[in-house]
2 protein chains.
Amino acid sequence: MKGQKTDRRVKYTKMVLRESLVKLLKQKPISKITIKEICEEADINRATFYTHYSDQYDLLRQTETGLLSDINEYLAGYSFSDKDGSESIQILEKIFEYIKENADLCSVLLSDTGDISFQQEVMKIVQNQCISEWTKKSVNKELAEYIYSFAVTGSVGVVHKWLKEGMKQSARELAEMVINLTNRGISAFV
Amino acid sequence: MKGQKTDRRVKYTKMVLRESLVKLLKQKPISKITIKEICEEADINRATFYTHYSDQYDLLRQTETGLLSDINEYLAGYSFSDKDGSESIQILEKIFEYIKENADLCSVLLSDTGDISFQQEVMKIVQNQCISEWTKKSVNKELAEYIYSFAVTGSVGVVHKWLKEGMKQSARELAEMVINLTNRGISAFV
DNA sequence: AAATTTATTCAACACATTGTCTATTATCTC
DNA sequence: GAGATAATAGACAATGTGTTGAATAAATTT
């Protein structure tokens, strides 16, 4: 996976910079956070920042893609059975489980102020495989893609709400809700 | 509605600044746009900018809320019948019609890089009334709110895609799709 | 049409952040 | 321990920021 093992100093630098960013993101939006501020909080020289990142947004983006690969790694640790067609729900459950376990970081990156295209990446992990399933069900491709957009962004909305309200439901419950809403909409609940 | 009619000069200033912002937003994200740049493009003195807005983000936000009240005004010009329970679809159709007619501005404000909480405001116009309907249908309030989140953000996703791909479908078709997905999910199409 | 009010402009200002650079120091890897 | 590499300290010009006061231009009011 990795080209070569990274220097411990680099690891440390990147870690504290990420932590510093997350801490600041809890207080204000990325647009109000300066590089100077991040470095002071992390106690890292500003010149060092520039050897790793071009600006705050770059650091944020790299933090996001880091989370994404963490989730993928987490999922790789499980095997999912597709015997009863419940593979999607199992993957979703694991994703929500991961989010719950890493709520500190996730609630920042997946909040309202966070950037939506990243959040959709997270949900796409699951739903990517579904689109081929749906097209099988005699739905034309274009329509399938609209359904896909609706389901993916809709799921993001559900996760937002879940995080904001303290993750009262279990990962399993939320996964079931999302699958039900996607497959049968409101009619699944009345 | 208005306290007093605004000075024509103020009207002009705000207009060109908005136009300038929109023009720049087509080229790069708000985070890379400076106040200096907006003012040069609009040929407005920077000091004048500060008499109306605190920063780029303020200008953007005011542009967004302007669009929002425009839509509301547009909707106020029509009366919707709720005889057959098709009020939602009629309102949605009009909203999509408005977006289509003002695609230049809307495609910028409703794009991926745009801010999601605003986009949800647009969709909330319709769905706000639905939540009370759903709770009537023996769905508990907490669940209804999750459905609401799913439907509202899901709709935003559909509109994104629609705009990005050149608005091939009619406003009516899109409205039907959103309502169907909300009510019956994928099962509405198979 | 003149008087008055108000918005905009202009130029200047102190201030903060930015991005880059060089010499020096600290720490890691082998 | 030796050599390589990363981080630091400090300085730098460049740029954007936010505010000010006086001059100008354009609106509204009478």
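Labels below follow one simple rule: chain letters A, B, ... track the order of the sequence lines, proteins then strands, and each chain is numbered from 1.
- Comparing B/A47 and A/I33, the nucleotide of DNA chain C nearest to each residue sits closer to the 5' end for B/A47.
- Relative to the side chain of A/I44, the nucleotides D/dA27, D/dT8, D/dG18 differ in distance, and D/dT8 lies closest.
- Remark: the backbone N or O of A/S170 is paired with a side-chain donor or acceptor of A/E173 at under 3.5 angstrom.
- Counting to the nearest Å, the P atom of D/dG16 and the CD atom of B/E37 are 8 Å from each other.
- Residue B/I35 contributes atom CD1, which lies 13 Å from atom C1' of D/dT15 at whole-angstrom precision.
- With distances taken from any side-chain atom of A/R9 to the nucleotides C/dT9, D/dT8, C/dC28, the minimum falls on C/dC28.
- Distance B/I38 CD1 to D/dT17 P: 9 Å, rounded to the nearest Å.
- In this structure, A/F49 atom CZ and D/dT8 atom P are separated by 13 Å, rounded to whole Å.
- Whole-Å rounding puts the B/D7 CG to C/dT9 P distance at 12 Å.
- The backbone N or O of A/Q169 sits less than 3.5 Å from a side-chain atom of A/W162, completing a donor-acceptor pair.
- Between the side chain of B/R46 and the base of D/dG16, no donor-acceptor pair under 3.5 Å is found.
- Aromatic ring centres of B/Y74 and B/Y78: separated by under 6.0 Å.
- Taking 4.0 angstrom as the limit, A/R8 places a side-chain polar atom (N or O) nearer than this to OP1 or OP2 of C/dT29.
- B/Q119 and B/H160 form a side-chain donor-acceptor contact under 3.5 Å, judged by distance and modelled atom types alone.
- Straight-line distance from the CG atom of A/D43 to the P atom of D/dA6: 20 Å, rounded to whole Å.
- Rounding to whole angstrom units, NZ of residue A/K32 and P of C/dA16 are separated by 17 Å.
- One N or O on the side chain of B/Q56 and one on the backbone of B/I33 form a donor-acceptor pair closer than 3.5 Å.
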**OP:** Can you run through DNA chain D from 5' to 3' and write each base as (, ), [, ], | or . depending on how it pairs? Watson-Crick or G-U wobble, both distances under 3.5 Å.
**Re:** |||||||||||.|||||.||||||||||||
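- Using modelled atom types, no side-chain atom of B/S149 and backbone atom of A/K161 make a donor-acceptor pair closer than 3.5 Å.
- In this model, a side-chain donor or acceptor of A/N45 finds a partner on the base of D/dA9 within 3.5 Å.
- In terms of position on DNA chain D, the residue among A/T48 and B/Y50 whose nearest nucleotide sits closer to the 5' end is A/T48.
- Listed pair A/H52 / D/dA6 fails the phosphate criterion, with no side-chain N or O lying under 4.0 Å from OP1 or OP2.
- Regarding A/Q56, its CD atom lies at a distance of 10 Å from the C1' atom of C/dT17, rounded to whole Å.
- Other residues, nucleotides and ligands contribute only 12 or fewer heavy atoms inside 6.0 Å of the NZ atom of B/K23.
- In this model, the phosphate group of D/dT15 is not approached by any side-chain N or O of B/T34 to a distance below 4.0 Å at OP1 or OP2.
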